[in-house]
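Keep in mind it's a predicted model, so treat the numbers as computed, not measured. In this chain, numbering begins with 1 at the start of the sequence shown.
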Amino acid sequence: MNVISKRTLIKFYEEHSNAKTALEVWHSDARKAEWKTPDDIKTLYVSASFLKDNRVVFNIKGNNYRLIVHIDYLRKIVRVKFIGTHTQYDKINAEEI
């Protein structure tokens with residue numbers, strides 16, 4: 001999968017250094033993946049949550065952080081929409097961000 005944009009992840013873990021390893025692992029997994037359906041994601045990330053419009057919420061670093069992406073399965077593109085703490089996540093609409 002082509003992940004857009006790693007820069008968002010880097011910016012986040014520059015401020016939250018304890019998230020760096022987990023985000024780097026997620027990014028590596030996503031780049032290697034060939035996700036065609038949500039079931040493909042569930043195989044690797046059992047705690048992933050699926051929202052409308054092909055959005056997926058990943059729990060990062062033992063559920064300390066939340067990552068929201070939009071996946072275009074046909075084009076093999078994963079777009080990072082949000083990465084944040086639980087407090088930040090609770091203040092947004094995950095289906096609209």
Ile41 and Phe58, any side-chain heavy atoms less than 4.5 Å apart: yes
Shared hydrophobic cluster for Ile68 and Phe12 (ILVMFWY, side-chain gaps under 4.5 Å): no
Stepwise side chain to side chain contact (heavy atoms under 4.5 Å, CB included) test for Gln88 and Ile83: CA-CA 9 Å; Gln88 293 166 328; Ile83 177 69; over 6 Å; no
Any residue meeting side-chain contact (heavy atoms from CB on, under 4.5 Å) with Asn93, in chain and number order, not counting sequence neighbours: Glu95, Glu96
Val56 side chain near Ile71 side chain, heavy-atom distance below 4.5 Å: yes
Ala19 to Tyr13 - nearest heavy-atom pair and separation: C-CB, 4.1 Å
Point-to-point distance, once rounded to the nearest 0.5 Å, from CD1 of Ile10 to OG of Ser5: 8.0 Å
Spacing of Arg66 atom CZ and Ser49 atom OG [to the nearest 0.5 Å]: 6.5 Å
Any donor-acceptor N or O pair under 3.5 Å, side chains Asn59, Tyr45: no
Val80 with Tyr89, same ILVMFWY side-chain cluster at under 4.5 Å: no
Side chain proximity check, Lys42 to Thr37, heavy atoms < 4.5 angstrom: no
Nearest atoms (heavy-atom pairs only) where His70 meets Asp53: CD2-O, 2.9 Å
Between Tyr73 and Trp35, ring centroids under 6.0 Å: no
Side chain proximity check, His27 to Leu9, heavy atoms < 4.5 angstrom: yes
Any Met1 side-chain heavy atom under 4.5 Å of Arg75 side chain: no
Phe82 with Leu51, same ILVMFWY side-chain cluster at under 4.5 Å: yes
Residue pair Lys6, Arg31: steps toward the side chain to side chain contact (heavy atoms under 4.5 Å, CB included) verdict: CA-CA 11 Å; Lys6 185 174 182 183; Arg31 296 264 311 150; over 6 Å; no
Heavy-atom closest contact (Asp40 atom, Glu34 atom, distance): OD2-O, 4.0 Å
Joint cluster assignment, Ile4 & Leu23, ILVMFWY side-chain distance < 4.5 Å: no
Side chain to side chain, Val3 and Trp26, heavy atoms closer than 4.5 Å: yes
Pairing residues for Asn64 by the side-chain contact (heavy atoms from CB on, under 4.5 Å) criterion, not counting sequence neighbours: Lys61
Thr43 side-chain N/O to Asp39 backbone N/O, donor-acceptor pair under 3.5 Å: yes
Shared hydrophobic cluster, Val57 / Val69 (ILVMFWY, side-chain heavy atoms < 4.5 Å): no
Any side-chain heavy-atom pair of Asn63 and His86 under 4.5 Å: yes
Flag for Tyr65-Asn18: side-chain donor and acceptor within less than 3.5 Å: yes
Main-chain N/O of Ile97 paired to Arg55 side chain as donor or acceptor, under 3.5 Å: yes
